[in-house]
Structure formats: structure tokens, C-alpha cells
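Have a look at the structure below before the remarks.
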Number of protein chains: 2
Amino acid sequence: MIEQLRIIAVFSSLSEESLHELSNCMEYVQYPKGTTIIRADKVEPYFYVLQSGIARAYSDGENQQITFWFGQSGDVLFSFNSYINNRPGYENIELLANSALIRIKLTDLFLLYQQNLEIANWGRKIAEQELIATERRLIDRAFKGAAERYRDFTAQSPELIKKVALKHIASYLGVTQVTLSRIRAAH
Amino acid sequence: MIEQLRIIAVFSSLSEESLHELSNCMEYVQYPKGTTIIRADKVEPYFYVLQSGIARAYSDGENQQITFWFGQSGDVLFSFNSYINNRPGYENIELLANSALIRIKLTDLFLLYQQNLEIANWGRKIAEQELIATERRLIDRAFKGAAERYRDFTAQSPELIKKVALKHIASYLGVTQVTLSRIRAAH
DNA sequence: TTCATTTTTTAACATTTGTAAAATGTTGCG
DNA sequence: CGCAACATTTTACAAATGTTAAAAAATGAA
């Protein structure tokens with residue numbers, strides 16, 4: 001079982017001992033397509049790793065719903081504001097396919113952070129990787145047009161293009177669905 | 001001297017011992033207005049805390065320069081990609097006023113992360129706070145128009161409005177300077 | 001398959017924002 | 001002061017994107 005965990009990239013840096021400590025706090029869960037596992041108005045008590053499936057994070061606006069993240073196998077999945085500030089987050093997270101996840105209760109994880117130096121640094125690196133990815137998207141928004149962002153997205157996430165509704169991809173790219181259609185039409 | 005550090009919010013959570021360990025790696029530096037302390041094409045070996053002054057982070061595009069962060073007293077200041085991946089970053093950081101900074105060499109800091117549980121968790125929280133702030137900006141970009149972002153900016157950073165050139169604020173808000181002028185004209 | 005539902009595309013038009021250039025305002029230095 | 005350099009606003013026009021509505025295509029359930 002520890003061996004199974006090790007093949008998941010996010011756990012690969014941990015020693016046998018730390019991985020064992022962490023695995024004591026893990027549960028394996030499965031949910032069907034369409035399940036909303038994290039809700040924006042609640043404090044989410046778990047941290048998830050997606051073993052298989054697809055997820056999207058979105059926020060509800062007045063008359064639109066904006067997707068700002070997609071997750072695939074191996075991605076970590078958590079409500080930033082629950083995890084960091086113990087407050088309701090900004091995001092809903094919905095599964096776009098039947099999915100298998102590992103979950104860790106935040107209260108357990110936070111205890112480990114105070115006890116285990118390796119796990120504390122593991123948690124630091126997770127936040128750092130999310131930070132780099134989020135900064136990257138902010139910069140891309142500033143420097144690239146919607147058409148280029150669409151090309152990048154198709155190149156980097158070819159599976160998502162096949163499986164995710166274009167309306168979600170449009171809002172992820174920061175344009176309306178009509179504009180995305182026009183971009184696609186201009187092949 | 002340790003007491004002086006404690007009044008800086010980012011250090012306030014550390015114990016006497018950890019703060020002492022950290023302070024052994026600190027240097028105090030001062031630079032005049034206009035100094036570029038971090039360059040996008042270099043690996044930046046220091047982590048900074050701004051004691052006084054103003055800073056902005058920007059990236060160079062083909063024909064424009066886009067500001068995506070402003071720093072004030074108490075803010076931490078580092079090249080995300082140098083700090084996280086030991087690679088040249090995306091950002092230049094320039095001082096917009098004469099500034100006093102504390103700097104910590106990354107190699108020293110990383111050693112502390114591997115030795116001191118409290119400092120490792122301190123580093124985790126820094127990354128988490130930057131992450132929350134960056135996510136907040138990405139979501140704001142999606143849900144708020146430029147006029148509302150400008151109002152928010154003036155409300156939250158009244159000192160910056162006074163001291164920073166509007167062209168920098170325009171690119172920070174994600175619009176051209178002409179559009180920002182139009183927003184301002186519509187009082 | 002067929003029908004109903006949902007998604008995607010297309011079209012016409014409105015609005016916003018961008019671009020370029022000129023006009024005006026501001027700052028600091030000799 | 002008076003000039004030079006730079007910042008900001010304004011104008012006119014162009015380009016991109018949004019809005020609304022309808023048509024076409026795809027999907028899923030009976």
C-alpha cells in the first residue's frame with residue numbers, strides 16, 4: 001500500500017517513515033461524476049489527492065459560473081481558504097468523471113505539520129507548487145491573447161479538451177463561449 | 001534587535017529561539033529609488049522583507065511592461081521561481097522609493113527549513129499567504145470589471161495611488177493607461 | 001432508434017477596450 | 001524662470017469581445 005502511494009508524484013519525496021505516518025491519516029473514497037465535493041460556502045475539512053478522474057473548481061457569479069482550475073490524476077485538490085485560513089473558500093469543486101480520491105483530514109495533517117519536519121516541508125512544497133502555477137496563470141492572462149491561451153491549453157491538456165464541456169474551458173480561458181467558438185472556427 | 005524584528009508581522013509567529021536562528025542569516029540593506037533588486041533573467045539568491053519603501057514586480061512583454069504586484073512595508077519580496085525552483089524567475093522587482101530591506105540568503109534559509117520545524121512551518125505559511133493573495137487576484141480579474149478593480153485598489157492601497165505612476169497601476173489592473181484614464185474621468 | 005435536452009456554433013449588432021497621436025499637465029534641473 | 005523629459009488625458013478610429021437569439025450538432029435516456 002505504501003508502494004502504491006509512492007507512484008503518486010506528490011508523495012514521491014517522502015521517506016518510508018513519513019509516508020507511513022501520513023498514510024495513517026488517509027482514507028480512500030470514490031464518488032460518481034457530478035458530485036460536488038467542496039462547496040464555496042463551507043469550511044472543507046479534507047485535503048484530497050485525485051487518483052483517477054477529472055475535477056473542476058469554479059465560483060458562482062451573478063449570472064455566470066467561472067471555472068478557474070481543472071484537476072487530473074495525481075493533482076492535489078483542496079479549498080485554499082479552508083486549508084489556509086480555516087474559512088469558507090471561494091471555490092466549488094465538482095467531479096466531471098467518476099473519480100477515486102485519497103483524502104486526509106486537515107486536523108490530522110496540521111498535527112503532522114507540527115510534529116514531523118519532513119511532512120512540514122512537504123506541505124510547504126505543495127503550497128509553493130500551487131503558488132507557481134497560479135502566478136503562471138496570472139502572467140499568461142496578461143501577456144497572451146485568448147487564442148494563444150486556447151492553443152496552449154490544447155497542447156498541455158489534450159485529454160481535458162476531449163472530456164470537458166467547452167463552456168467550462170471558455171470560462172477557464174477568460175472568454176465567453178461565443179468567443180471560444182470563434183477562436184476554434186478560425187482553426 | 002530581535003525585538004525590532006518581532007514588530008514586523010511576518011516574523012511575529014516565531015519563537016525567540018527560531019527568530020534568533022533566522023536573524024543569524026539576515027542582513028540589512030538599503031537601496032535608492034529606481035534600483036532593480038531582482039532581475040527576471042537571473043536566479044535571485046536572496047529572500048527579502050521590505051522594512052520601508054515601495055516595490056513593484058513586473059514582466060517585460062514585446063512592447064509593454066506589465067506590473068503584477070506592489071509591495072509595501074512589511075511585505076515579503078522574492079522571485080517565486082528562484083525561491084521555489086532555483087530557476088530564473090518571471091519577474092523584475094524595482095524599488096519605487098528609497099527602501100530599507102532585510103535579506104536572507106536562500107541557501108541559509110533552505111538549511112533552516114531542513115533543521116527547524118518551526119521555521120519550516122513559517123516558510124509554509126509564507127507560501128500559503130502568497131497563494132491566497134494570488135488566487136484572490138485571479139478570481140477578482142474574472143468577476144470584477146476594471147472600474148471596480150480600480151475602486152478596490154484605491155480603497156485598499158490609498159498610499160500607492162498617491163505614489164505610483166498610473167501607467168503601472170493600469171497594467172496592474174489589466175487595462176491600458178487610456179482605459180484607466182477613461183475610468184478615472186467617469187469619476 | 002427517436003425524442004428531448006443540452007451543447008456548440010453562427011449571425012447580427014452593441015459595447016468595451018485598444019491603438020496611435022496630439023494636447024495638456026507635471027516634475028526637476030540648470 | 002524656462003526648458004526638457006516624462007506622465008496623463010483626450011480624441012478619433014480600429015479591433016476584439018460581449019450580448020442576444022436562433023440554428024445546428026451532439027448527447028443521453030426511454
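Lettering of chains follows the sequences in order, A, B, ..., and the numbering in each one begins at 1.
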key: Atom of A/Ser82, atom of A/Lys42 and distance for their closest heavy-atom approach   = OG-O, 3.8 Å
message = I'd like to know whether B/Asn81 forms a side-chain contact (heavy atoms from CB on, under 4.5 Å) with B/Asn86, so could you lay out the CA-CA distance, the side-chain angles of the two residues, the decisive distance to 0.1 Å, and finally the verdict.
response = CA-CA 6 Å; B/Asn81 213 35; B/Asn86 195 36; over 6 Å; no
query = Can you check the A/Gln177 CD to C/dT7 P distance for me, whole Å?
reply = 9 Å
inquiry  = Rounded to whole Å, how long is the line connecting atom NZ of A/Lys162 with atom P of D/dT27?
reply    = 14 Å
note = Between B/Ala146 and A/Val178, the residue closer to the 5' end of DNA chain C by nearest nucleotide is A/Val178
Value in whole Å for how far the C1' atom of C/dT16 lies from CZ of B/Arg182 = 8 Å
query = Rounded to the Å, how far apart are A/Leu180 CG and D/dT19 C1'?
reply = 16 Å
query = Given atom CD1 of B/Ile161 and atom C1' of D/dT8, what is their separation to the nearest angstrom?
reply = 14 Å
ask   = Closest nucleotide of DNA chain C for B/Lys33 versus for B/Val175: which of these residues is on the 5' side?
value = B/Val175
note = Atom NZ of A/Lys167 and atom C1' of C/dT6 are separated, to the nearest Å, by 7 Å
task = Mind calculating the distance between CG (A/Leu173) and P (D/dG18) to the nearest angstrom?
result = 11 Å
ask   = Does any non-hydrogen side-chain atom of B/Tyr172 lie less than 4.5 Å from one of B/Arg56?
value = no
query = Which whole-number value in Å describes the distance from B/Gln65 CD to D/dC6 P?
reply = 14 Å
